[in-house]
Amino acid sequence: MTRSGQEYLASLRDGREIWIDGERVEDITSHPAFRNTAASIARLYDLAHDSEHTPVLTQGGVHRAYAIPRSYGDLVARREAYKVWAEASFGFLGRTPDYMAGGAAGFAALPSLFATETYDGSAAALAYHRRLAEGDLYPTFTITNPQIDRTRSASEQEEDDLVVRVVAEKDGGIVVRGAKMIGTAAVFGNEVIVGTIEPLAPQDVEHAVCFSVPVDTPGLKFVSRTSYEAQARSVFDNPLSSRFDENDALLVCDDVFVPWERVLAYRNVDVSFRMWWQTPAYLNFVHQAATRFWTKLEFLTGVAILVTRANNTYALPPVTQAVGRLLGRVAQAKAFVLAAEASYEEVDGGRGGVAPGKDISFAQRIMAGELYPQAVQEIKLLMGGGVIQLPASGEDLLHPELGPLVRKYIRSPGTPAEDRVKLLKLAWDALGSEFAGRHEQYERFYHGAPHVYLTQQAWEGDGPACEALAQACLDGYGLGGAR
């Protein structure tokens, strides 16, 4: 059954080891670096647990993202659930619980991939999916190796234990040591899956491991980046970063014991890579992320329209054209989601249900990383200089001497100063702040580096059909062909 927001928050008070600013955090639900975002995530759980959105967000008593889609209609229903949660954060929470939930459903759709002659992780993959769905848990992950020396494979680093590896094998499980980077939202999760989405070298067998453990597992440490939430002055001054900073953290495994029943892949370079790309896991990731990306572009375009109306520039032809381009990009983002659903593919001959179309899903990832910075640049040009000439905080509007000056000089026809300041602070938080800069980088890299997903597009895209069409043209004429 689904959990309430309060039940989710209670699950975070488990003694997990989170570090920020040289301090170990005792309780992230009350710490100023995390509490508001934790509350925002709790609201998502409430939407699924008991609200008018519950029928859209759940299926059979669990979140719809955990259900393995069996038809085109199921994909549409899952996207509608993704959309509800994406709109609740205006697209700024990327790794909400439904993200890795879709990944878990992807594993469960093709468990045979995890079975090899040396280790059979199929039962662990199925148990992982069942445990998360039945407990309505928040699954997170860290699947990227640290950027220490990318010219060397994991096993060739200058020091041992820089990348997570198996250091001991016991009757009940394995012991792992090392680090993974970019655990986005991992500090807010209940379980973290640790693996590698990028190719490993054949000799990296000790690093070819994937497992999922509770976030409070002994020896598991999370080192958080700067908290934009902690730096926010108020919801008025920082309406997004004060509530939707899902954070990113370095994960360090200090001799963490992992029971066998939680090990999905073990000492197999091939499986540790293919589990993401050849089950529906990655395609499910893109389905959720593409829906969120579409939502985020809708929001940012709406901000652009509101700003140009407040600036009384909306009717100017260059501005109207710019808004038209932004609306076209929103439609483009939407089209990729709908096309991926419409071009669905059967998994394991239909035994594993269906998944969004691979070619369109991969193309969406390429498009989104390139389109987002373009859209941000376009909207910044529309905002002009007003966003950098704003009162330091909402307190200025309340000051008896300063308030009248602000109201006189920071306004526009039809838009009082309070409304204009509020709008422009929202625009700056979304597009110009440090929080916004992180989001631009995130939209470029959240599905991995381009050399990874572009390579997959080349390997698994519809290259043969493209070649055949070009070859048909070549075959149609020769040296003596008609002119």
Side-chain angles (χ1 to χ4, degrees), residues 59-60 62-82 98-134 139 193 195 197 199 210 263-266 268-291 336-365 447 453 455-468:
Q59 176 182 345
V62 302
H63 194 286
R64 196 174 291 274
Y66 284 116
I68 298 174
R70 301 290 174 180
S71 67
Y72 167 72
D74 288 345
L75 289 175
V76 172
R78 185 172 70 179
R79 179 247 301 161
E80 290 172 346
Y82 288 155
D98 52 351
Y99 187 88
M100 190 60 219
F107 298 157
L110 194 62
S112 60
L113 183 139
F114 296 86
T116 68
E117 294 181 359
T118 56
Y119 181 77
D120 187 350
S122 58
L126 291 171
Y128 172 67
H129 174 247
R130 184 171 57 253
R131 182 172 65 250
L132 297 176
E134 293 177 353
I193 190 168
I197 197 169
C210 182
V263 180
L264 283 70
Y266 182 60
N268 190 305
V269 171
D270 186 44
V271 171
S272 67
F273 177 71
R274 290 196 301 123
M275 63 180 284
W276 305 102
W277 299 99
Q278 294 186 11
T279 71
Y282 184 83
L283 299 177
N284 291 350
F285 287 162
V286 176
H287 196 202
Q288 187 269 4
T291 304
F336 271 92
V337 177
L338 302 187
E341 295 167 356
S343 62
Y344 69 89
E345 304 170 6
E346 290 188 340
V347 178
D348 193 22
R351 289 179 291 274
V354 299
K358 185 176 295 183
D359 284 349
I360 302 297
S361 296
F362 283 5
Q364 190 280 337
R365 180 63 197 97
H447 271 156
Y453 60 76
T455 298
Q456 286 302 115
Q457 179 81 329
W459 285 349
E460 302 188 34
D462 204 8
C466 299
E467 288 183 67

message = If I take atom OH from residue Tyr99 and atom OH from residue Tyr82, how far apart are they, to the nearest 0.5 angstrom?
response = 10.0 Å
query = Which residue pairs satisfy the salt bridge (Lys or Arg N to Asp or Glu O under 4.0 Å) criterion with at least one member in residues 339-355, sequence neighbours excluded?
reply = Arg79-Glu341, Asp348-Arg351
inquiry  = Please enumerate all residues that pass side-chain contact (heavy atoms from CB on, under 4.5 Å) together with Tyr119, with sequence neighbours excluded.
reply    = Thr116, Trp260, Val263, Tyr266
inquiry  = With heavy-atom distances below 4.5 Å as the criterion, would you say the side chains of Pro356 and Arg78 are in contact?
reply    = yes
query = Would the Tyr282 and Trp277 ring centres measure less than 6.0 Å apart?
reply = yes
request  = Using the test side-chain hydrogen bond (donor to acceptor under 3.5 Å, both in side chains), find all partners of His63 that sit at least two apart in sequence or belong to another chain.
outcome  = none
Please output the side-chain donor-acceptor pairs of residues 103-114 that fall under 3.5 Å, not counting sequence neighbours, one pair per line with the distance.
none

note = On a heavy-atom basis, the closest approach of Val62 and Ala133 is CG1-O, 3.5 Å
request  = Nearest 0.5 Å please: distance from the CG atom of Leu75 over to the OH atom of Tyr344.
outcome  = 8.5 Å
Gln364 CD to Leu283 CG distance, which is reported to the nearest 0.5 Å = 11.5 Å
message = Do Tyr128 and Cys210 make a side-chain contact, defined as non-hydrogen atoms from C-beta onward lying under 4.5 Å apart?
response = no
key: Main-chain N/O of Pro69 paired with Asp74 side-chain donor or acceptor, under 3.5 Å   = no
inquiry  = Distance check, rounded to the nearest 0.5 Å: Ser343 atom OG versus Leu338 atom CG?
reply    = 10.5 Å
query = For His129 and Tyr66, which heavy atoms make the closest approach, and how far apart are they?
reply = NE2-O, 2.7 Å
message = Under the rule for side-chain contact (heavy atoms from CB on, under 4.5 Å), what residues qualify as partners of Gln59, not counting sequence neighbours?
response = Arg64, Ala67
ask   = Rounded to the nearest 0.5 Å, how far does CE of Met100 lie from CG of Asn284?
value = 9.5 Å
ask   = Can you name the closest pair of heavy atoms from Pro280 and Val347 and give their distance?
value = CG-CG2, 3.6 Å
task = Kindly write out the residues that satisfy side-chain hydrogen bond (donor to acceptor under 3.5 Å, both in side chains) with Glu80, not counting sequence neighbours, or none if the list is empty.
result = none
